[in-house]
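Read through the structure below, which is laid out as structure tokens, and then see the notes.
In the text below, chain A, chain B and the rest are named by the order of the sequence lines, each starting its count at 1.
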2 protein chains.
Amino acid sequence: MSLSIGQVAERTGLSVHALRFYEKEGILANQVHRGPGGRRVYTQQDVDWLRMCIMLRMSGMPVPEIRRYTELVRQGDGNELQRLDILKEHQERVRQQMAQLQECMDLITYKVGKYEDYVNSIASRAIGQ
Amino acid sequence: MSLSIGQVAERTGLSVHALRFYEKEGILANQVHRGPGGRRVYTQQDVDWLRMCIMLRMSGMPVPEIRRYTELVRQGDGNELQRLDILKEHQERVRQQMAQLQECMDLITYKVGKYEDYVNSIASRAIGQ
DNA sequence: TCTTGACCTAGAGACGACTCTAGTTCCTAG
DNA sequence: CTAGGAACTAGAGTCGTCTCTAGGTCAAGA
């Protein structure tokens with residue numbers, strides 16, 4: 001099954017621009033073929049790979065690092081340890097990020113609680129209790 | 001107790017540049033006094049406020065929204081509901097962000113597991129098992 | 001006196017990740 | 001044959017958040 005850039009944009013949520021940008025940045029595991037008129041032809045595999053890249057990006061992996069990972073995959077067997085290293089390092093960063101976010105969340109929740117109490121106390125005073 | 005910009009930088013982790021930037025952006029609850037020679041003089045309150053702003057930033061609240069919140073606080077009593085709204089909205093965004101991160105984390109963890117298995121299987125074959 | 005170091009301002013520059021523009025090609029439908 | 005729509009390229013522009021530069025003030029110590 002082959003897909004146009006527009007279809008891929010649709011099913012990944014990336015823009016057409018972003019897809020071309022990603023390709024230029026070298027973060028497509030196997031290079032995209034071209035159909036008649038030089039148009040890009042994607043496969044389901046490309047879409048799957050992109051979905052993973054999106055996950056990596058969403059969790060803050062910078063484009064150059066995704067490119068490094070992609071290059072390893074393109075090279076084929078033999079460098080699994082290096083790939084593992086990249087993933088583990090990123091995993092650790094995500095872990096820290098989540099811990100940080102949780103800390104922020106705690107503070108925000110605390111503040112929300114305080115303001116809610118306050119607002120409620122004002123409200124009940126207003127209706128005469 | 002009054003602090004210089006350098007001291008505040010030290011205890012907040014922000015750069016001196018960033019502190020001036022934040023001030024210019026209007027995200028300091030009470031404006032910073034100036035000492036002899038026009039130097040900024042901060043109080044512990046300022047540091048506390050900055051620490052909260054840092055939390056908000058870290059969790060992705062954009063500077064303009066922190067400014068809006070700051071302005072409400074500067075205006076004083078009476079707008080607690082609006083403040084609460086901002087905080088709750090942000091809380092929701094953080095919640096979503098964490099869910100997303102968790103999703104990414106799950107994928108990464110899955111991949112790490114796969115690669116670890118693979119690498120281990122290679123390793124044990126190498127030592128003749 | 002001279003130097004050092006912290007501070008000041010206004011404004012320019014950097015960086016990452018897109019996003020958009022301009023000008024073109026190609027296919028399909030009316 | 002023409003209009004519309006999707007695709008193409010190279011490269012410029014945008015956005016947010018700082019970060020740095022240039023040129024200056026000021027106080028304290030050698």
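Screening residues 35-45 of chain A for salt bridge (Lys or Arg N to Asp or Glu O under 4.0 Å), with sequence neighbours left out, gives A/E23-A/R40. Applying the salt bridge (Lys or Arg N to Asp or Glu O under 4.0 Å) test to pairs two or more places apart or on separate chains, none has a residue in residues 99-112 of chain A. The side chain to side chain donor-acceptor pair (under 3.5 Å) contacts involving residues 72-85 of chain B comprise A/Y115-B/R83, B/Q75-B/N79, B/N79-B/R83, where partners must be two or more places apart or lie in separate chains.
Partners of A/E10 according to the salt bridge (Lys or Arg N to Asp or Glu O under 4.0 Å) rule, which considers only residues two or more places apart in sequence or in another chain, do not exist here. Under the rule for a salt bridge (Lys or Arg N to Asp or Glu O under 4.0 Å), B/R11 has no partner lying at least two apart in sequence or in another chain. Scored by the salt bridge (Lys or Arg N to Asp or Glu O under 4.0 Å) test, A/K114 finds no partners at all (sequence neighbours excluded). Considering only residues two or more places apart in sequence or on other chains, A/E71 meets the salt bridge (Lys or Arg N to Asp or Glu O under 4.0 Å) condition with none of them.
Within residues 36-58 of chain A, the residues approaching DNA chain C are A/R39, A/R57, by heavy-atom distance under 4.0 Å. Proximity of residues 2-26 of chain B to DNA chain C (heavy atom under 4.0 angstrom from any strand atom) is restricted to B/S4, B/I5, B/G6, B/R20.
Partner A/N30 forms a side-chain hydrogen bond (donor to acceptor under 3.5 Å, both in side chains) with one of A/T43, A/T70, A/D46 and no other, that one being A/D46.
Using a 4.0 Å cutoff to heavy atoms of chain A, the contacted part of DNA chain D runs 5' to 3' from D/dA6 to D/dT9.
Chaining together hydrophobic side chains whose heavy atoms lie under 4.5 Å apart leaves A/V41 on its own. Cluster partners of A/Y118, by chain and number: A/I122. The rule joins Ile, Leu, Val, Met, Phe, Trp and Tyr whenever side-chain heavy atoms lie under 4.5 Å apart.
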